[in-house]
S.K.: 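Before I ask anything, here is the structure I am working with.
Nothing here was measured: the structure is a model prediction, and the numbers come from that model. Atoms within each ligand, like the ligands themselves, are counted from 1 in listed order.
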Amino acid sequence: MVILLAKRGLIRNVYIISMVNIAFWALTLIYFKMAVLDQLTSQQAIDLENKYGAHNYHPLPVVLNRGEGVYVWDVEGKKYYDFLSAYSAVNQGHCHPKIISAMVHQAQTLTLTSRAFHNDMLGKFEKFACEFFGFDKLLPMNTGAEAVETAIKICRKWAYEVKGIDENEAQIIVCENNFHGRTTTIISFSNDPVARKNFGPYTKGFIKIEYDNLRALENALKNNPNVSGFLVEPIQGEAGVYVPSENYLTKAKALCEAHNVLFIADEVQTGIARTGRLLATCGHCSCENKNCSNTPDVKPDILILGKAISGGVYPVSAVLANDAIMNVIKPGNHGSTFGGNPVAAAVAMAALEVVRDEKLAQNAFELGNLFRSELNKYIKTSNIVQLIRGKGLLNAIVINDGEESDTAWNICLALRDNGLLAKPTHGNIIRFAPPLIMDKEQLLDCVNIITKTLKKFEK
Ligand SMILES: *Cc1c(COP(=O)(O)O)cnc(C)c1O
């Protein structure tokens with residue numbers, strides 16, 4: 001009897017243990033399936049994009065699924081330094097906790113009212129940004145291209161209502177090799193055939209001149225009372241990080257003033273600490289960088305911001321101007337359902353606070369100098385790199401090979417294999433633009449990766 005009971009207990013114990021065992025393995029299997037089987041490989045993810053996505057980009061073959069600070073990870077778990085920062089949108093580093101927390105909090109509270117009603121975040125953001133950058137008013141949009149479109153519209157309306165140009169006669173001067181986005185009007189004044197061809201008919205009213213050429217600007221302004229604006233990138237980023245001569249912007253601004261023409265700075269890429277100052281044109285900004293005073297301020301009449309104004313977590317863009325200009329915009333003239341939504345407002349304020357509190361302009365200034373001086377040491381001995389140019393942490397190297405060769409692309413593939421992500425821009429140029437929260441040790445580690453990789457391409 002006793003033996004029998006003991007046996008039964010034993011059987012029950014064995015039974016329980018085996019059930020626990022089965023449950024354990026079942027859970028392990030489910031977990032395994034979730035973690036491994038549902039996780040696409042890089043190739044699977046690329047194949048999906050190729051099959052179902054429009055082919056409007058040619059990305060470097062790497063598939064990312066996580067980012068933190070200056071690092072990103074691919075789906076296989078390999079870690080990289082991000083040396084592009086989403087074209088300078090992620091200046092504050094990936095998933096900055098302060099920005100993410102502002103976004104999550106606002107997303108749980110109120111996301112979108114449209115501008116049919118007021119919300120309690122937009123005004124706060126507008127005040128914050130106006131004081132931050134030194135302007136009277138801000139018009140919020142979502143993408144960089146929309147902000148450029150907005151600036152063009154404001155400039156034209158100002159031309160007719162304030163400057164007194166005859167209807168439909170206003171002209172805006174732009175620069176060759178510009179990049180201002182991808183809308184129909186913007187590509188109308190691009191000279192990149194890939195961006196432009198077969199998208200006509202094109203928008204009229206733009207005069208194209210050579211970048212960094214004051215004589216050309218003067219000639220375009222002279223004897224042409226219909227010119228109302230000069231739209232310019234303080235550094236041409238997309239074209240290959242072309243830094244204009246020392247006093248180009250100051251003198252261009254003076255010429256514009258003399259001809260009663262609005263100086264419109266597209267700082268979508270150069271703005272928000274990227275070039276070692278809060279703005280590449282600086283203006284009366286709240287930039288903490290003492291080095292700023294070495295370069296004269298150029299206060300744009302219209303300032304266009306995008307990309308890093310949200311730290312790359314949400315599409316936010318903005319156009320800033322003083323009342324005399326911005327007041328030409330009346331209800332119904334312009335707008336966007338999502339422009340100035342509460343999440344965008346919360347995110348942008350947090351993103352700008354990070355730039356100020358973490359002194360990112362100062363850091364970009366110092367690390368930029370270090371980066372160029374370290375790379376120049378290598379370039380002196382190199383026959384594969386011609387030069388490095390840039391300001392702050394917006395830099396590019398020019399590869400010593402034909403424009404049509406794929407050397408720059410191959411170097412970027414090799415950099416990827418060595419744990420650093422960068423991408424060629426036009427021709428044989430590689431842009432280097434890491435997040436501005438990088439520290440000195442990380443930067444020197446990157447210099448090491450870059451020079452080690454380039455050495456393999458020496459001829
Ligand atoms: C990226 C960029 C734009 C366009 O911004 P999107 O958000 O891509 O529309 C406009 N101007 C400059 C200088 C840029 O770098």
S.K.: With sequence neighbours left out, what residues match Glu238 under salt bridge (charged side-chain N to carboxylate O under 4.0 Å, His left out)?
M.R.: Arg431

S.K.: Quick one: does Lys157's side chain have a donor or acceptor within less than 3.5 Å of a partner on Val328's backbone?
M.R.: yes

S.K.: Does Tyr211 have its ring centroid less than 6.0 Å away from the ring centroid of Tyr242?
M.R.: no

S.K.: Sort out the contact shell of ligand 1: every protein residue with a heavy-atom distance below 4.0 Å, listed by chain and number.
M.R.: Thr143, Gly144, Ala145, Phe179, His180, Gly181, Glu233, Asp266, Val268, Gln269, Lys307

S.K.: Does CD belonging to Glu68 count more than 12 external heavy atoms closer than 6.0 Å?
M.R.: no

S.K.: Could you state the interatomic distance from NZ (Lys253) to CG (Leu262), rounded to the nearest 0.5 Å?
M.R.: 9.5 Å

S.K.: Measure the acute angle between the ring planes of Trp409 and His58, then classify it against the limits of 30° and 60° as parallel, tilted or perpendicular.
M.R.: parallel

